[in-house]
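The block underneath contains the structure these notes are about, expressed in structure tokens.
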Amino acid sequence: MGLTAVAIKAAKGRDKPYKLTDGDGLFLYVTPNGGRYWRMNYRHLGKQKTLAFGVYPDTGLADAREQRDAARKLLARGEDPAERIKLDRIAATVAASNSFKAVADEWLVKVEREDRSAATMKKLRWLLDFINASVGKRPIASISAQELLVMLRKMEGKGKYETAKRLRSTCSQIFRYAIATARAERDVAADLRGALIAPKPVHRAAITGAHEAGGLLRALDVFEGHANTRAALRLLPHVFVRPGELRYAEWADFDFDKALWTIPPHKTKMRRAHTIPLSRQVLAILATIEHDAEYSRFLFPSLRSVDRPMSENTINAALRRMGYAQDEMTGHGFRAMAATLLNEMGLWHPDAIERQLAHCDNNAVRRAYTRGEYWDERVRMMQHWSDHIDFLRDGAKVIKGTFPKPRLKARVPDSSEKPR
């Protein structure tokens, strides 16, 4: 006959421990001090073993019987319930140690070894600091889509829709890494596609009109800031690379004999080497830089340390000093200026312009074909572009000189006019 709740409550401590049997191996072990513990005796592979199911009254009769029945099912399948409980505890411990932050830190090491740029790593760490503040300590496998959405809504509440979108994307990459390393079963961030407010595309400010470009180029020509900043400002319109690629330019990247600047893959956005043909004007600007690789490997070193490039704010700060507002022109805007004016010329194949902008086609075969077919055209185009920059800059210069004064004809008074 099985135990009853009344019998369990009435069990008191005796001089020696004793058992109250329930059935199918389950019993209540009562100690001399009155402690009551649920146990189950069973045999597996010829050995007598005992399972512990908890302490009464924290574990009631119904709970103890449920655990006993689960153990008997394992025995029926040939499994040892004690070993199963041990494995489940290990799995739970591992899951608890596999927090979102721990997995994210591993993922960061991985992507950094894949030669992500310093700027990209800085952005990723900033994003993850925000994520970790909310769910960093949670086991990654236990995080739900709804929990993630609550976190992303906080960023949306600040009006930062693009940041919220990037947060979701970064979380998705980390969940996929967790799946690959057997610490999660699914990417819950993928469930949030369409749940966030779509950010409106924001284009970087740029001057794209020929007349306004001429004014900007003249302003660059008379900029009175630091010599290196002035050289960088004068160089950027000619080569129209991304500002970060200009900042990290090193002397070793240049072949002055062949008039080429090759940006290595780890410095480019697309992680592919990019080559810029150097015009006569660019070579002349480079010749004005008053230091070499023995002083600093960077063309434009920081004023604080020659081991670091100039600040990412230098170019835009110089444009603000020249009177160009943030919504009027940026360092990145020189790319849009070049793309617009080169396309308007109608002289160059659009693919040649796109290739020089390092807008690489994702198709490897087409990319190789484009590089081979348009290289000679790009060399001619870059020299023509530098010549055109000179034309735009010089086009509105005031011509100084001495001119004869115009002769004034004597005015014959009309007969109807009255003398004054």
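- By the 30° and 60° cut-offs, the orientation of the rings of His291 relative to Tyr295 is tilted.
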Exercise for the section: Carefully, step by step, assess Lys110 and Glu114 under the rule salt bridge (charged side-chain N to carboxylate O under 4.0 Å, His left out). Expected result: CA-CA 7 Å; Lys110 169 186 170 292; Glu114 292 171 347; 2.8 Å; yes
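- Checked by atom type, the side-chain pair Arg304/Ser302 shows no donor-acceptor distance below 3.5 Å.
- Within a 6.0 Å radius of CD in Glu212, more than 12 heavy atoms belonging to other residues, nucleotides or ligands are found.
- Across every non-hydrogen atom of Phe298 and Arg247, the tightest pair is CD2-O, 4.3 Å.
- Considering Phe254, Phe256, Tyr248, Trp251 as possible partners of Trp261, the one that fulfils the ring pair (Phe, Tyr, Trp, His ring centres under 6.0 Å) test is Phe254.
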Exercise for the section: Start with the C-alpha distance between Asp191 and Arg186, add both sets of side-chain angles, then the distance that settles salt bridge (charged side-chain N to carboxylate O under 4.0 Å, His left out), and finish with yes or no. Expected result: CA-CA 10 Å; Asp191 297 341; Arg186 55 189 304 275; 2.7 Å; yes
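- A 4.5 Å side-chain heavy-atom check between Leu26 and Asp24 finds every atom pair outside the cut-off.
- Of the inter-residue distances, the one linking Lys258 atom NZ with Leu278 atom CG reads 13.0 Å to the nearest 0.5 angstrom.
- If you take CD1 on Ile143 and CG on Leu148, they are separated by 7.0 Å, rounding to the nearest 0.5 Å.
- Contact check for Arg36 versus Tyr29: no side-chain heavy atoms found under the 4.5 Å cut-off.
- Within the 3.5 Å criterion, the main-chain N or O of Arg72 finds no donor-acceptor partner in the side chain of Arg68.
- The closest donor-acceptor contact from the side chain of Ser99 to the backbone of Lys137 lies at 3.5 Å or more, if one exists at all.
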Exercise for the section: Take Thr262 and Asp255, measure what side-chain contact (heavy atoms from CB on, under 4.5 Å) needs, and give me the verdict at the end. Expected result: CA-CA 8 Å; Thr262 301; Asp255 186 333; over 6 Å; no
Handout entry: Candidate pair Met345 and Trp385, rule side-chain contact (heavy atoms from CB on, under 4.5 Å), full reasoning
Key = CA-CA 10 Å; Met345 290 177 187; Trp385 173 243; 4.0 Å; yes
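- Side-chain contact, Thr50 with Asn41: a donor N or O sits under 3.5 Å from an acceptor N or O.
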Exercise for the section: Might you work through the salt bridge (charged side-chain N to carboxylate O under 4.0 Å, His left out) test for Glu79 and Arg84, ending with a clear yes or no? Expected result: CA-CA 7 Å; Glu79 293 187 51; Arg84 169 52 55 192; 3.5 Å; yes
Problem - Stepwise side-chain contact (heavy atoms from CB on, under 4.5 Å) test for Val111 and Thr120 - result: CA-CA 10 Å; Val111 297; Thr120 298; over 6 Å; no
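- The two atoms that bring Ala352 and Arg378 nearest to each other are O-CG, 3.7 Å, heavy atoms only.
- A heavy-atom distance below 4.5 Å is found between the side chains of Asn343 and Ile353.
- In terms of modelled atom types and a separation under 3.5 Å, the side chain of Thr340 and the main chain of Ala336 share a donor-acceptor contact.
- Side-chain contact check for Arg166 and Thr170: no donor-acceptor pair (N or O, by modelled atom type) lies under 3.5 Å.
- Proximity of Leu217 to Pro237: side-chain heavy atoms (C-beta onward) are separated by under 4.5 Å at one or more points.
- For Glu328 (side chain) and Ala325 (main-chain N/O), a donor-acceptor pair under 3.5 Å exists by modelled atom type.
- Distance check, rounded to the nearest 0.5 Å: CG of Leu152 to NZ of Lys160 gives 14.0 Å.
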Problem - CA sep, side-chain torsions, deciding dist, call: Arg230, Glu224, salt bridge (charged side-chain N to carboxylate O under 4.0 Å, His left out) - result: CA-CA 7 Å; Arg230 183 169 182 266; Glu224 296 182 350; over 6 Å; no
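- Here the side chains of Gln281 and Asp387 are in contact, with some heavy-atom distance below 4.5 Å.
- For the 3.5 Å distance criterion, the side chains of Asp63 and Gln67 fail to qualify, holding no donor opposite an acceptor.
- Atom OH of residue Tyr37 and atom CZ of residue Phe27 lie 13.0 Å apart, to the nearest 0.5 angstrom.
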Practice task
Report the C-alpha distance between Arg320 and Thr330 in whole Å, list the side-chain angles of each, state the deciding distance to 0.1 Å, and finish with yes or no for side-chain contact (heavy atoms from CB on, under 4.5 Å).
Solution key: CA-CA 9 Å; Arg320 303 297 161 262; Thr330 62; 4.0 Å; yes
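- The closest side-chain donor-acceptor pair between Glu106 and Tyr177 falls under 3.5 angstrom.
- Considering all non-hydrogen atoms of both residues, Thr275 and Trp375 come closest at CG2-CH2, 3.5 Å.
- Shortest non-hydrogen contact noted between Ala213 and Met337 is CB-SD, 3.6 Å.
- Side-chain contact between Arg280 and Gln383 is present, with heavy atoms from C-beta onward closer than 4.5 Å.
- Side chain to side chain, Thr268 and His274 fail the donor-acceptor criterion of an N or O pair below 3.5 Å.
- Between the side chain of Ser142 and the backbone N or O of Pro139, at least one donor-acceptor pair lies under 3.5 Å.
- Arg393 has its side chain out of reach of His388: every pair of non-hydrogen atoms, C-beta onward, lies at least 4.5 Å apart.
- A donor-acceptor pair under 3.5 Å is absent between the side-chain atoms of Arg14 and the main chain of Thr31, judged by distance alone.
- Between the side chains of Ser172 and Asp187, at least one donor N or O lies within less than 3.5 Å of an accepting N or O.
- For the atom pair CZ (Phe240) and CG (Leu342), the distance works out to 5.5 Å, reported to the nearest 0.5 Å.
- Within 6.0 Å of the NZ atom in Lys101, the count of heavy atoms belonging to other residues, nucleotides or ligands does not exceed 12.
- When side chains are defined from C-beta on, Trp38 does not count as touching Leu51, because their heavy atoms never get closer than 4.5 Å.
- A donor-acceptor pair under 3.5 Å links the side-chain atoms of Glu245 to the main chain of Arg242, judged by distance alone.
- When all heavy atoms are compared, the tightest approach of Pro81 to Ala71 is CG-O, 3.6 Å.
- Looking at Glu112, its side chain never comes within 3.5 Å of a backbone N or O of Met121 through a donor-acceptor pair.
- Shortest non-hydrogen contact noted between Ile289 and Ala231 is CG1-CB, 4.2 Å.
- A donor atom on one side chain and an acceptor atom on the other are not found under 3.5 Å apart for Asn316 and Gln326.
- With 3.5 Å as the limit, one finds no donor-acceptor pair spanning the side chains of Glu290 and Asn228.
- Summarising the geometry, atom CG belonging to Leu235 is positioned 10.0 Å from atom CG belonging to Leu233; distances are rounded to the nearest 0.5 Å.
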